[in-house]
There are 2 protein chains.
Amino acid sequence: MPKTDKATRTSSEQTRAALIDAGLRLFGRKGFEGTPIRDIAAEAKTNVASIAYHFGGKDGLRLACAEAVALRLRQVAGQTILSSDAGGDGEKALAIMETALTALVTFIAARPEARDIAAFMMREMSDPGPALDQIYTNLIHPVHGALCRLWGTATGTDPESPSTRLAVFALAGQIVYFRIGRPVILKRMGWQDIGPDEANQIVATVTGNLRALVAAGKAGAK
Amino acid sequence: MPKTDKATRTSSEQTRAALIDAGLRLFGRKGFEGTPIRDIAAEAKTNVASIAYHFGGKDGLRLACAEAVALRLRQVAGQTILSSDAGGDGEKALAIMETALTALVTFIAARPEARDIAAFMMREMSDPGPALDQIYTNLIHPVHGALCRLWGTATGTDPESPSTRLAVFALAGQIVYFRIGRPVILKRMGWQDIGPDEANQIVATVTGNLRALVAAGKAGAK
DNA sequence: GTCTATAAACAGATAGAC
DNA sequence: GTCTATCTGTTTATAGAC
C-alpha cells in the first residue's frame, strides 16, 4: 500500500508525525518511563513496531519530540522576538517584549497542546539528558538571549550581566507556572477552564509585571 | 502498628521514614512509573516487600510522599507566613513577605532536598490525582491564602480579588522556576552549582521583584 | 516486622509474513 | 512500509520462612 505517489501523500510522513504527536501528549502526561510504546502506537493509530522503524526505538522518539517542541515554541515566541530589533530604542524594546509575551502567554496558558509541550519540557528538566540539550540549544538559549538583549535596551542595563539574565528567567518562570500549575490555579481561582477571558487576566498580570519590573530596572540603572 | 518500646526506638518508624525519603528522591528524578519499588527499597536499605507492608503498595508510598512534601514546605514557608500577622500595616506586611520569600528561595534554590521536592510536586501537577489533592489542601491553599492576605495589606488591595491571587501565583512561579529550570539556568549563567553566592543573587532578584511589584500594585490601587 | 522466593502481568525490541 | 507474533528481561504484588 505505501507507495509514495502523489495520490497517497507519503503515509510514512503522516505516521511519523502522528507518532511524535502522540508521544508528546503521552510523555507529557504520564512521563517517558510511564508510557508504554504500545499506548503511543494505539494513539497514533499504528502498530508498535513502527516506532522502532521510524525512530530506532523509544529513545529516538523522545528526541524527535524534543525537536518538535523546540520548533513549535520558536514559531510562537521566536518569530516575534528573534527577528525584531529595537535599535537602541527603550520604548520600542518594551513594546516588542510586550507583544511577544502576550503571544507566548496566550499560547501557553490557553492552547491545549501547550499542556503537553510544557509538561514534556519540565520532565526533561527534572532528568536532564540528550533531549534537554536539544531544547536548550534550539529554543532556550536563543530565546533567552534575545529577551536579554531587549531587556537591556528597555532598561538601559548590560544585556550580558547576571542580573539581566536572572531577571529574564524570573519573567519566564511566571509564564511557565501558569501552565504547569494549571490544576492548582483553576481550583484556587474557582475557574472551570482557561478560556479567552481567563487568559486575558493572566496576560494582564504578566505584562503588568513586565512593565513594573522594567521600570524598576531602569530606575536602578541610573 | 509497630510496638513502640523506648529501647528499640521502633525500627519500623525508621524504615518508614527511609522509604518516604527514598521515594521522594526517586519519584522526583525518574517519575512515579519510572521508579521500580526495588530501587526504592535498595535506596532505603530495606526489602521490596516492606513497601507493601508499610504503605499497602506503591500508590500508598506516593501519597505518603505527598504528605511529607506538604509538611516540609510548610515548615520552611509556613511558620514565617502563616503565623505572623501584619495587622493592617503595609510596611510590616511587605517586610514579612520579604523575610518569608528569602527563606523560601534560599531553601528551594540551594538546598539539595528541594530538587526532589519540587520535581515531585511538578510531576504531580502534570498528572493530577490524590497526591496533588493532598498537597493542595495542606500546602498550596493555606500558603497561597496567607500570601494573598499579606499582599493585600502591603498594596492596599482586596486580598480576595482575582488580580491579587494571580499576582501571588506569578510570584510563586518565579521561585519554583529557579529550582525546576536549574540545569538550564546553570548552563546559561555559566555556574557550576548554586551555592550561597548564587543563591544570594537569586534572592536579590526575587525580593527586588517583590518590592517593584508591590510598589506598582500600590500605585494602581489608588 | 523483616526478608527471600515466586507468580502473573507487562515492558521494549525484533523476526518475518504480507 | 506495515503489522502480527514472539522473545527476553523486568515489573508489582504476595506467600511463606524466619
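In what follows, chains carry the letters A, B, and so on, assigned in the order in which the sequence lines appear, proteins first and then strands, with residues in each chain numbered from 1. Note: hydrogens, waters and symmetry copies are ignored here, and every other heavy atom, side chains too, is used. In this text the structure is predicted, and so the values were computed from the model without any measurement.
For NZ of A:K30, the number of neighbouring non-hydrogen atoms (other residues, nucleotides, ligands) closer than 6.0 Å is 12 at most.
One interatomic measurement links the two molecules: CD1 of A:I40 to P of C:dC10, which rounds to 17 Å at whole-angstrom precision. Spacing between atom CG of A:D39 and atom P of C:dA11 amounts to 7 Å, rounded to whole angstrom units. Protein atom CZ of B:F55 is 16 Å distant from nucleotide atom P of D:dT14, rounded to whole Å. The distance from atom CD of A:Q14 to atom P of D:dG1 is 12 Å, rounded to the nearest whole Å. Here the P atom of nucleotide D:dC3 and the NZ atom of A:K45 are 12 Å apart, to the nearest Å.
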Determine all donor-acceptor pairs shorter than 3.5 Å in which one atom belongs to a side chain in residues 96-105 of chain A; sequence neighbours excluded.
residue : atom : partner : partner atom : Å
A:E98   : OE1  : A:R211  : NH1          : 2.8
A:E98   : OE2  : A:R211  : NH1          : 3.2
A:T99   : OG1  : A:A95   : O            : 2.8
A:T102  : OG1  : A:E98   : O            : 2.7

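Not a single donor-acceptor pair under 3.5 Å links the side chain of A:Q174 to the backbone N or O of A:L171. For A:T35 (side chain) and A:L26 (main-chain N/O), a donor-acceptor pair under 3.5 Å exists by modelled atom type.
A:K45 has its side chain out of reach of A:T15: every pair of non-hydrogen atoms, C-beta onward, lies at least 4.5 Å apart.
Residue A:T46 has its side chain nearest to D:dC3 when only C:dC3, D:dG1, D:dC3 are considered.
The side chain of A:S11 places no N or O atom within less than 4.0 Å of a non-bridging phosphate oxygen (OP1 or OP2) of D:dG1.
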In 5'-to-3' order, the base (B), backbone-only (S) or no-contact (-) status of each nucleotide in nucleotides 13-18 of chain C, using a 4.0 angstrom heavy-atom cut-off, is BB----
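Aromatic ring pairs are classed by plane angle as parallel below 30°, tilted from 30° to 60° and perpendicular above 60°; the pair A:F178 and B:F169 is perpendicular.
For the segment residues 29-36 of chain A, residues with any heavy atom less than 4.0 angstrom from an atom of DNA chain C are, sorted by number, A:T35, A:P36.
Taking CZ of A:R72 as the start and CZ of A:R111 as the end, the distance is 6.0 Å to the nearest 0.5 Å.
Looking at B:K187 and A:D133, a side-chain N of the basic residue comes within less than 4.0 Å of a carboxylate O on the acidic one, giving a salt bridge.
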